[in-house]
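Since the structure comes first, as structure tokens, the remarks are kept for the end.
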Amino acid sequence: MKKETVKNPYNLTIKESREILKSNLKEMKRLEKLKRAKVTPEYFTSEMKNPDNVLEVENLQTYFFTDNGVVKSVNGISFDVPADSIVGIVGESGCGKSVTSLSIMQLVQAPQGQVVEGSIRFATKDYVLDDKGKRIRVCKRDGNGEVLTQTKKDKHGNDVLDKQGLPVIEPVYETNEDGLYVYEMQDKVYDICKMPTEDMARVRGKDISMIFQEPMTSLNPVFTVGYQIEEVVYLINPLATKAQARAKAIKMLQLVGIPMPETIIDYYPHQLSGGMRQRVMIAIALTGNPKLIIADEPTTALDVTIQSQILQLIKSVQKQCGASVMLITHDLGVIAEMADYVVVMYAGKIVEKGTVYEIFDNPLHPYTKGLQKAKPTFESDIGADLYTIPGSVPNPINIPDECLFKDRCNMRCDKCEGKYPEEIKVSPTHSVFCHRIDQQRKK
């Protein structure tokens, strides 16, 4: 009798692989074309739902198109970052934390990685441009509101003359404390998901900056740290002189607590310790005076004592600059110490979000409770086994629209077999996505 062979559901036939590849290529080409589209600023200009927020992420979906199927790394998440606050995003490795930050920065590796749907609204101040598309410098004025003027000088300090031999008169332009020109600015709200790649350069680095988790791979080994900070100065103020850019770089190194900045500015990354390199990364992130700083596990590669210094530095700088911080980590201790608001992610979804007090004093989702139990405390019995959440994270390829934590949950109910739970508002700031909580409220 002939033995029947059972097909492994995880193995694809050649025909199935070709169909997946064909479908993926079509979708990737469509999304890449949208990034290069020539559109007016009005197309990606939006409005904030809450004017107190600096960032509003709504239904963000970031997928990776692979040969085996679509990996839904971020699968429809929504959260806000209020102005002058620290929002912590916490979860296991692979839950979509870093992909969320890369989506906000438009740094998801294309063409396989794409933001396929959603909205990322960011409140910023953009330059006012003239008819030629150039920035407009702010002029100094006297007490009567008249523009002050002066004789134009060349690079040697001599008067510039016109065709008639008369001195050329130019306005006196405003400068900031660093001696750099001040430009006219206007309030804007941009939807980053709609912004073409070329226009995103107006926001990235200046208004949104990022501190990566491994500074040795983020810093360029063939350039000095001073050169890499000066690059940001030129990006924001193209008319800056070499002396002004160097002075600004030294000032930023001083701000982040690096000793002897006049000497360190000429060092290469390999000449610095891990903690010093991370401070340089923070200096680069702060050079543009951003409104939002994304810190993607900034202390992962550092020892415990340096971790504490870097976290305190981020917190003190955030208060000085008045910026908001989106702190990504898997360490609940860091979240408790640093964050004002917490977003808990699992398998590309948000399972719970609220203030730091609500999440730690009244955790509602089984996954949030499991994360807290898994962290050792001083009250833990000596020699006792640490709590572990049973099971493993589900396969992210072609993931279904259902509760992805149900197979690991000790509170599972019949309703968990249905669609992904809807958001349940426990308070104006505390939300949870769980069928069990919904049933408890109805009772």
Side-chain angles (χ1 to χ4, degrees), residues 48 51-56 80-89 101 104-105 122-127 174-183 185-190 192 202-212 215 218 225-226 228-237 240 244-245 247-258 261 265 275-299 308-329 334-335 337-341 356:
M48 303 296 283
D52 294 331
N53 293 332
V54 69
L55 182 78
E56 293 177 350
D80 301 332
V81 178
D84 194 19
S85 66
I86 299 178
V87 175
I89 299 183
S101 66
I104 295 170
M105 295 288 289
F122 177 65
T124 183
K125 285 185 176 292
D126 202 357
Y127 296 110
E174 289 276 3
T175 56
N176 58 20
E177 57 185 6
D178 300 313
L180 303 173
Y181 287 120
V182 178
Y183 297 92
M185 308 290 283
Q186 58 185 340
D187 292 327
K188 287 287 185 179
V189 176
Y190 291 136
I192 293 174
R202 292 153 51 180
V203 175
R204 190 194 300 121
K206 179 177 76 73
D207 299 312
I208 306 178
S209 59
M210 191 166 181
I211 305 168
F212 295 94
S218 303
V225 296
Q228 296 181 60
I229 299 175
E230 290 167 11
E231 275 188 315
V232 184
V233 179
Y234 291 128
L235 174 69
I236 297 165
N237 200 316
Q244 289 173 333
K248 179 67 173 178
I250 292 173
K251 181 180 178 181
M252 297 311 300
L253 292 176
Q254 288 175 332
L255 178 65
V256 297
I258 291 182
I265 192 174
M276 294 274 272
R277 286 195 292 264
Q278 194 61 285
R279 288 175 186 268
V280 172
M281 284 296 301
I282 296 172
I284 293 174
L286 295 175
T287 301
N289 195 23
K291 296 189 67 177
L292 176 65
I293 302 168
I294 301 175
D296 185 5
E297 301 194 27
T299 60
S308 177
Q309 294 176 19
I310 294 299
L311 291 173
Q312 290 305 318
L313 174 62
I314 292 174
K315 199 166 188 176
S316 63
V317 165
Q318 182 261 335
K319 290 180 179 178
Q320 290 180 39
C321 301
S324 296
V325 176
M326 201 174 98
L327 179 63
I328 297 170
T329 182
V334 171
I335 291 293
E337 176 70 22
M338 296 282 293
D340 302 308
Y341 301 91
V356 66

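All of these numbers come straight from a predicted model, not from anything done at the bench.
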Heavy-atom donor-acceptor pair, Gln318 side chain to Ala323 backbone, under 3.5 Å: yes
Close side-chain approach of Met185 to Tyr127, heavy-atom, < 4.5 Å: yes
For Arg279 against Val256, the heavy-atom pair lying closest together: NH1-O, 2.6 Å
Asp178 backbone acceptor or donor facing Asn176 side chain under 3.5 Å: yes
Distance, nearest 0.5 Å, that separates CD1 of Ile314 from CD of Gln309: 12.5 Å
Qualifying residues under salt bridge (Lys or Arg N to Asp or Glu O under 4.0 Å), relative to Lys188, sequence neighbours excluded: none
Steps toward side-chain contact (heavy atoms from CB on, under 4.5 Å) verdict (Ile208, Ile192): CA-CA 11 Å; Ile208 306 178; Ile192 293 174; 3.7 Å; yes
Main-chain N/O of Gly179 paired with Gln244 side-chain donor or acceptor, under 3.5 Å: yes
Nearest heavy-atom neighbours spanning Ser209 and Pro290: OG-CG, 3.3 Å
Heavy-atom side-chain contact between Lys315 and Val325 under 4.5 Å: no
From OG1 (Thr124) to NZ (Lys206), nearest 0.5 Å: 4.5 Å
Heavy-atom closest pair, residues Val233 and Lys248: CG2-CG, 3.6 Å
Heavy-atom side-chain contact between Gln312 and Glu337 under 4.5 Å: yes
Nearest non-hydrogen partners of Gly205 and Val232, listed with the distance: O-CG1, 4.5 Å
Reported CG-to-OH distance for the pair Leu327 and Tyr341, which is rounded to 0.5 angstrom: 15.5 Å
Side-chain heavy-atom pair Phe122, Lys291 within 4.5 angstrom cut-off: yes
Criterion side-chain contact (heavy atoms from CB on, under 4.5 Å) on Tyr183 and Asn237, from CA distance to verdict: CA-CA 9 Å; Tyr183 297 92; Asn237 200 316; 3.4 Å; yes
Side-chain heavy atoms of Leu255 within contact of Gln320, under 4.5 Å: yes
Side chain to side chain, Ile310 and Ile282, heavy atoms closer than 4.5 Å: yes
Glu297 side, atom CD; Thr329 side, atom OG1 - distance, nearest 0.5 Å: 5.5 Å
Side-chain donor-acceptor pair present, Asp340, Ser85, cut-off under 3.5 Å: no
Distance in Å, Met252 CE paired with Ile258 CD1, rounded so as to fall on 0.5 Å steps: 10.5 Å
Point-to-point distance, once rounded to the nearest 0.5 Å, from CD1 of Ile211 to CD1 of Ile284: 10.5 Å
Ser324 (side chain) donor-acceptor with Asp84 (main chain) under 3.5 angstrom: yes
Residue pair Gln254 / Pro261: nearest heavy atoms and the distance that separates them: CG-CG, 3.3 Å
Test side-chain contact (heavy atoms from CB on, under 4.5 Å) applied to Ile236 and Asn289, step by step: CA-CA 10 Å; Ile236 297 165; Asn289 195 23; over 6 Å; no
Flag side-chain contact, heavy atom, 4.5 Å: Ile265 against Glu230: yes
Shortest non-hydrogen separation from Leu55 to Met326 and the atoms involved: CD2-SD, 4.4 Å
Side chain proximity check, Leu253 to Val280, heavy atoms < 4.5 angstrom: yes
Any donor-acceptor N/O pair, Gln278 side chain to Pro298 backbone, under 3.5 Å: yes
